[in-house]
Amino acid sequence: MEEMSNFIKTIMINDLESGKVKAILTRFPPEPNAYLHIGHARAIITNFELAESFGGETNLRFDDTNPAKEDVEFVEAIKKDIEWLGYHPAKVLFGSDYFDKTYELAVALIKKGLAYICDLTPEETSKYRGDFNTAGVESPYRNRSVAENLELFSNMRAGKYKEEERVLRAKIDMASPNINMRDPILYRILYINHHRTKDKWCIYPMYDFAHPIQDAIEGITHSLCSLEYENHRPLYDWVVEKCEMPNVPQQIEFGRLNITNTVMSKRYLRELVNNKLVLSYDDPRMPTLVGLARRGYTPESIKNFVKASGLSRINSTIEGEMLEHFLREDLKLKANRLMAVVEPLKVVITNYDEGKVEYLEAANNTENEELGTRKIAFSRHLYIDKNDFVIEKPDKRYKRLALGLEVRLFHAYFIKANEVIYDADGNIGEIHCTYDPETKSGSGFNERKPNGTIQFVEASTAIPATFNLFDTLVIDNPGDNRSFLERFNPDSWIIKPGFVEGVRKNFAVLERFQFVRDGYYAVDKDSNKDRLCFNRIVSLKSAIK
RNA sequence: AGGGCUAUAGCCAAGUGGUAAGGCAACAGGCUCUGACCCUGUCAUUCCGUAGGUUCGAAUCCUACUAGCCCUGCCA
């Protein structure tokens, strides 16, 4: 599990050994325009873990060069998410911190004759750019004098032109097969209040110009980004070279991470929230980090998942089962395992005194003694799960309760089902059982084997709970022609009322239950910290299928 | 169509000339006061997109082909 992102690691090792770099410095550069999701986790974890493995560091730098889309709400949320994952950026920076320097470098480029002010309209610019099969046509403004460019650029900054009236362009090659090199725009005019620099600027650098400069200024050694920036690397390198940055960062691309049956795009997530199909960005159905946290995912489980799933130059779609596996694994020894009943079925212990309640000792986690024990109630009136009872044992593999059979109630006694009481509709209403005092949990009773072990809760002390049954990630049916919003089915989030055992001291009422394939766990509704239960197996398996 | 990139099992993914790691999923069995967990076994038998070639020897080198992804925002 410690081995990850080998191809990048190899590059770093080589650079360190050859003396090209002295220490590794990476950065995570989100644009503060959305909440982070599990896909971003790959970038965060890769950057931090890789740097750390070489004793290096990682900066958090907000890429805020487009004030039209960005907001402080997101920078705060992103900071929290990174903290939640357990990472500590060496520095927290903003692209806008470098606006002065970026401007200076643009001026320097103009002086070198490597950049010019272009008066073409956006439409004309696009037309002049050509296409995949046609070389671009040089802008008529391409050969303005340095002096004129300098004056025009200064005027741009001073707010003498309207938006879209002029831009600063790099003078590279209009015939390049890489369209990014056909005199890319470096600066555009935007009369928008920036969330940090307010109205100081009315011109803003484009990503392609700002990003390499920011990396170089900070001394970033390896600038990791996703595959779609491959075509931008020549431009990235051009900027670093022509701006004569003393520090030369290296851009390395890697594939994005997707999860099956999950929608990850910012646009769709935003639509879900804006159309109120989910409660908010931290709705448990969302693949955002805050959503996953609310569903009970631990930072460790996400980190282990990302590390184990590796990294390559391929956009991967990993099965959701793998994410769940790492959650189960992480929770296995950490979580207190309480008992719960999703679909309650009344059980009356006919040979137990009415009104008496006894308390039995139960391990909070049978695999981890350190989590201690708790007292659980037992009385004449109990609930078990409907799925744990059938009239007649269907086959030898059936390990639950049936009429005439005996099972162990986990942490308590053997009970034997003697009679089924039907309700007015003819459905199974309750079961009358007898218990055997000699089989008390921990007594070492060994004279006969029960037909399995099931969970229960004591009726008078049980706490009503809400179970979210299918609150998986957002559903996406690829073959369906309807719009994404129409395909999203909020009802896939099935909520069932049930009970959780009610005797415990240190936990608030549990409200949200997340089913993870063969087990489930609950999240404390207030603190979001305590994760409980990892027990009930059978009924959930059948419920999910 | 021009350019760039990628192709290893159902899903991820190691491997860079020496005879296909690992994880998830799946299947079979064992154990069990949770049918979970745990344990055991099976899961690419000349095979690494296809076809050729070089070599004593290739997934790894060469050639050709095929498929997929990205690129014509004053987004990032």
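Bear in mind the structure is a predicted one, so any value in this text is a computation, not a measurement. Note on naming: letters A, B, ... go to the chains in the order of the sequence lines (proteins, then strands), and numbering restarts at 1 for each one.
- Base engagement by A/K440 is indicated by at least one non-hydrogen atom pair under 4.0 Å involving a base atom.
- Note on A/T317: every side-chain N or O is 4.0 Å or more away from OP1 and OP2 of B/rC11.
- Spacing between B/rC70 and B/rG18 at atom C1', rounded to whole Å, works out to 37 Å.
- One N or O donor and one acceptor, one from the side chain of A/R400 and one from the base of B/rG35, sit under 3.5 Å apart.
- Residue A/S309 is in sugar-phosphate contact alone, with no base atom involved, counting any heavy-atom pair closer than 4.0 Å across all strands shown.
- In this structure, the ring of A/H194 has its center less than 6.0 angstrom from the ring center of A/F99.
- One atom, NZ of A/K449, and another, P of B/rG35, lie 13 Å apart when rounded to the nearest Å.
- More than 12 heavy atoms of other residues, nucleotides or ligands sit less than 6.0 Å from atom NZ of A/K171.
- Atom CD of A/Q455 is separated from atom P of B/rC37 by 15 Å (rounded to the nearest Å).
- In terms of phosphate contacts, A/R313 brings no side-chain nitrogen or oxygen within less than 4.0 Å of OP1 or OP2 of B/rC5.
- No engagement by A/S176 is indicated, since no non-hydrogen atom pair under 4.0 Å with the nucleic acid exists.
- Taking the side chain as every heavy atom from C-beta outward, A/D63 and A/Q214 approach each other to under 4.5 Å.
- The nearest whole Å value for the distance from the CD atom in A/E321 to the P atom in B/rC24 is 12 Å.
- Using C1' as the reference atom, B/rA67 and B/rG41 are 37 Å apart when rounded to the nearest Å.
- Comparing the P positions of B/rC39 and B/rA7 gives an interatomic distance of 33 Å, to the nearest angstrom.
- Rounded to whole Å, the distance from CG on A/N368 to C1' on B/rC38 is 15 Å.
- A/F305 places its CZ atom 13 Å from the C1' atom of B/rA13, with the value rounded to the nearest Å.
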Nucleic acid footprint by protein, nucleotides 66-76 of chain B - heavy-atom cut-off 4.0 Å, B for base, S for sugar-phosphate alone: ----BBBSBBB
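- Going from the P atom of B/rA59 to that of B/rU8 covers 15 Å, rounded to whole Å.
- As a whole-Å value, the separation of A/K332 NZ from B/rC38 C1' is 7 Å.
- Considering all non-hydrogen atoms of both residues, A/P249 and A/P212 come closest at CG-O, 4.3 Å.
- The number of heavy atoms from other shown groups lying within 6.0 Å of NZ (A/K160) does not exceed 12.
- The interatomic distance linking A/R328 (CZ) with B/rG35 (P) rounds to 15 Å, in whole Å.
- Among the nucleotides B/rC12, B/rG15, B/rA25, the one closest to any side-chain atom of A/H325 is B/rA25.
- Between A/F7 atom CZ and B/rA7 atom P there is a gap of 10 Å when expressed in whole angstrom units.
- Salt bridge status for A/R267 with A/E271: present, with a side-chain N to carboxylate O gap under 4.0 Å.
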